[in-house]
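To keep things clear, I will list the structure first and then write my remarks on it.
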Amino acid sequence: MSIEIILIKAREAILECDAKKAVTVAQQALEEGLDPIEVLTNGFSVGIRDIGDLFGRGQVFLPELMMSAQAMKEATVILEAALQAGDIAKKGKMLIGTVQGDVHDIGKGIVVAMIKTQSIEVIDLGRDVPVHTLIEKAMEYNVDIIGTSALLTTTLPEQRKLEDQLRKLGLREKFKTMVGGAPCTQRWADRIGADAYAEDAAQAVTKVIELIGQKN
Ligand code: B1M
């Protein structure tokens, strides 16, 4: 099956909220030797964003959105497993979490999977993570970078809270920070004083490597 057909089917599976189809398409993609990241980025992710737009316009409802998210997660697990793990803890360490009040973690999962392929250790605290936990764990694991993902305009201020809290505790210079998530922009990162912003998982990898270079 060609990459074009796989991408169409991947998008369809998410729009149809069909986890079984999503899993089959992910497996087919791997059997065909296709790039898992391309299938995630240009297939499944397009579907989840499209369903998000329909949700935003009131054309689908929360249960469908949740089923689509579940289908996306099941496909993601299969595709991520095919990514090269690489040797852990060679170049640096990063802590990452979705900010408090926010349960969106599909995109963060893709970012984590991509960064792990670069011999960078990633400690993923999951979702709905308070700022104080991010800081405590960053200290405990002595990481180089703290990354936060925010998908809601209402939770975006948590990224600013992290910057403020780090400054208040005199820890701002100890860590590099990176922000991401759909409502996030370079302008926002500049405004709050984050060290880096990444639009997608591929850019996140580039930025993380740059940040680690600046630390060493
Ligand atoms: Co929600 N949701 N959702 N949702 N959801 C959005 C974000 C929304 C835009 C949909 C819409 O209305 N059109 C809207 C937000 C509106 C706003 O704030 N402006 C919204 C809403 C309103 C809500 C609820 C409030 C709905 C409700 O309950 N009434 C609720 C909130 C719950 C909460 O968090 N407290 C809610 C719930 C959910 C589900 C649970 C059903 C599910 C999440 C499941 C999960 O993640 N486990 C869900 C989903 C799936 C979405 C959409 C459809 C898709 C998100 C996604 O996975 N995108 C989303 C619509 C959309 O995004 N267009 C939507 C695909 C993913 C690959 O992209 O996450 O952007 P993304 O990640 C990218 C980049 O952003 C970047 O790289 C990733 C990979 O390329 N990136 C980083 C992300 N993090 C990064 C970190 C980095 C660097 C880069 O460095 C640290």
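None of the values given here were measured: they were computed from a predicted structure. Counting starts at 1 for both ligands and their atoms, in listed order.
- The protein heavy-atom contact nearest to atom 41 (C) of ligand 1 is Met66 CG, 3.4 Å.
- The closest approach between any non-hydrogen atom of Gln70 and ligand 1 is not below 4.0 Å.
- Atom CZ of Arg167 has more than 12 heavy atoms from other residues, nucleotides or ligands within 6.0 Å.
- The contact set between ligand 1 and Gly147, taken as ligand atoms under 4.0 Å from a residue heavy atom, comprises 91 (C).
- Within ligand 1, counting atoms from 1 as listed, the ones closer than 4.0 Å to a heavy atom of Arg127 are 47 (N).
- Below 4.0 Å from some heavy atom of Gly101 lie the following atoms of ligand 1, by number and element: 33 (C), 34 (O), 35 (N).
- Heavy atoms from other residues, nucleotides or ligands lying under 6.0 Å from CD of Glu173 number 12 at most.
- In terms of protein heavy-atom proximity, atom 28 (O) of ligand 1 is closest to Leu62 CD2, 3.7 Å.
- Scanning Gly109, Gly56, Gly180, Ala189 for the heavy atom closest to atom 86 (C) of ligand 1 points to Gly180.
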Original post:
Are Val25 and Phe44 close enough, and set up right, to give a side chain to side chain contact (heavy atoms under 4.5 Å, CB included), and what steps lead you there?
Top reply: CA-CA 10 Å; Val25 174; Phe44 289 109; 4.1 Å; yes

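- Between Arg127 and Asp102 no salt bridge is recorded (no basic side-chain N to carboxylate O distance below 4.0 Å).
- Around atom 1 (Co) of ligand 1, the protein atoms of type N, O or S found under 2.8 Å away are His104 NE2, listed by chain and number.
- The only member of Lys21, Lys9, Arg11 that meets salt bridge (Lys or Arg N to Asp or Glu O under 4.0 Å) when paired with Glu16 is Lys21.
- Within a 4.0 Å radius of atom 74 (C) of ligand 1, the protein has at least one heavy atom.
- Protein heavy atoms are absent from the 4.0 Å sphere centred on atom 8 (C) of ligand 1.
- Nearest protein heavy-atom neighbour of atom 72 (O) of ligand 1: Gly107 CA, 3.3 Å.
- Heavy-atom contacts from other residues, nucleotides or ligands closer than 6.0 Å to CZ of Arg57 number more than 12.
- Pro183 does not count as a contact of ligand 1, since none of its heavy atoms falls under 4.0 Å from the ligand.
- A donor and an acceptor atom, one from each side chain of Arg172 and Thr177, are located under 3.5 Å apart.
- When hydrogens are left out, the protein atom nearest atom 34 (O) of ligand 1 is Val103 N, 2.7 Å; that is the closest non-hydrogen contact.
- Neither the backbone nor the side chain of Gln203 has any atom closer than 4.0 Å to an atom of ligand 1 (non-hydrogen atoms only).
- Residue Thr148 touches ligand 1 through its backbone alone, judged by heavy-atom distances below 4.0 Å.
- Between Asp190 and Arg187, no side-chain nitrogen of the basic residue sits less than 4.0 Å from a carboxylate oxygen of the acidic one, so the salt-bridge criterion is not met.
- Contacts between Glu199 and ligand 1, counted as non-hydrogen atom pairs separated by less than 4.0 Å, involve the backbone only.
- Heavy-atom proximity to Ile48, at under 4.0 Å, picks out these atoms of ligand 1: 50 (C), 53 (C), 54 (C), 58 (N), 65 (C).
- Look at Lys73 and Asp105 and you find a salt bridge, because one of the NZ, NE, NH1 or NH2 atoms lies within 4.0 Å of a carboxylate O, short of that distance.
- The nearest protein atom to atom 18 (O) of ligand 1, hydrogens excluded, is given as Thr153 N, 2.9 Å; this is a heavy-atom distance.
- Protein heavy atom nearest atom 80 (O) of ligand 1, with residue, atom name and distance: Ala201 N, 3.2 Å.
- Here atom 45 (C) of ligand 1 lies nearest to Asp105 when heavy atoms of Ile37, Asp53, Asp105, Ile14 are compared.
- A distance of 11.0 Å separates NZ in Lys176 from CD1 in Ile212, rounded to the nearest 0.5 Å.
- Listed by number with element, the atoms of ligand 1 under 4.0 Å from a non-hydrogen atom of Ile110 are 67 (C).
- Near Asp200, with a cut-off below 4.0 Å to any heavy atom, the atoms of ligand 1 are 76 (C), 77 (O), 80 (O).
- For atom 65 (C) of ligand 1, a protein heavy-atom neighbour is present inside the 4.0 Å cut-off.
- Taking a cut-off of under 4.0 Å to the non-hydrogen atoms of Ala198, the atoms of ligand 1 that pass are 88 (C), 89 (C).
- With ligand atoms numbered from 1 in the order given, ligand 1 contributes 90 (O), 91 (C) to contacts under 4.0 Å with heavy atoms of Met178.
- What sits closest to atom 68 (O) of ligand 1 on the protein, heavy atoms only, is Arg49 NH2, 2.9 Å.
- The structure places CD of Gln214 at 9.0 Å from CD1 of Ile145, a figure rounded to the nearest 0.5 Å.
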Subject >> Worked verdict on Thr148 versus Thr98 for side chain to side chain contact (heavy atoms under 4.5 Å, CB included) >> reply: CA-CA 6 Å; Thr148 50; Thr98 300; over 6 Å; no

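- For atom 84 (N) of ligand 1, the nearest non-hydrogen atom of the protein is Ser149 OG, 2.8 Å.
- Ion pairing between a basic and an acidic side chain is recognised when a charged N comes within 4.0 Å of a carboxylate O; Lys137 and Glu140 show such pairing.
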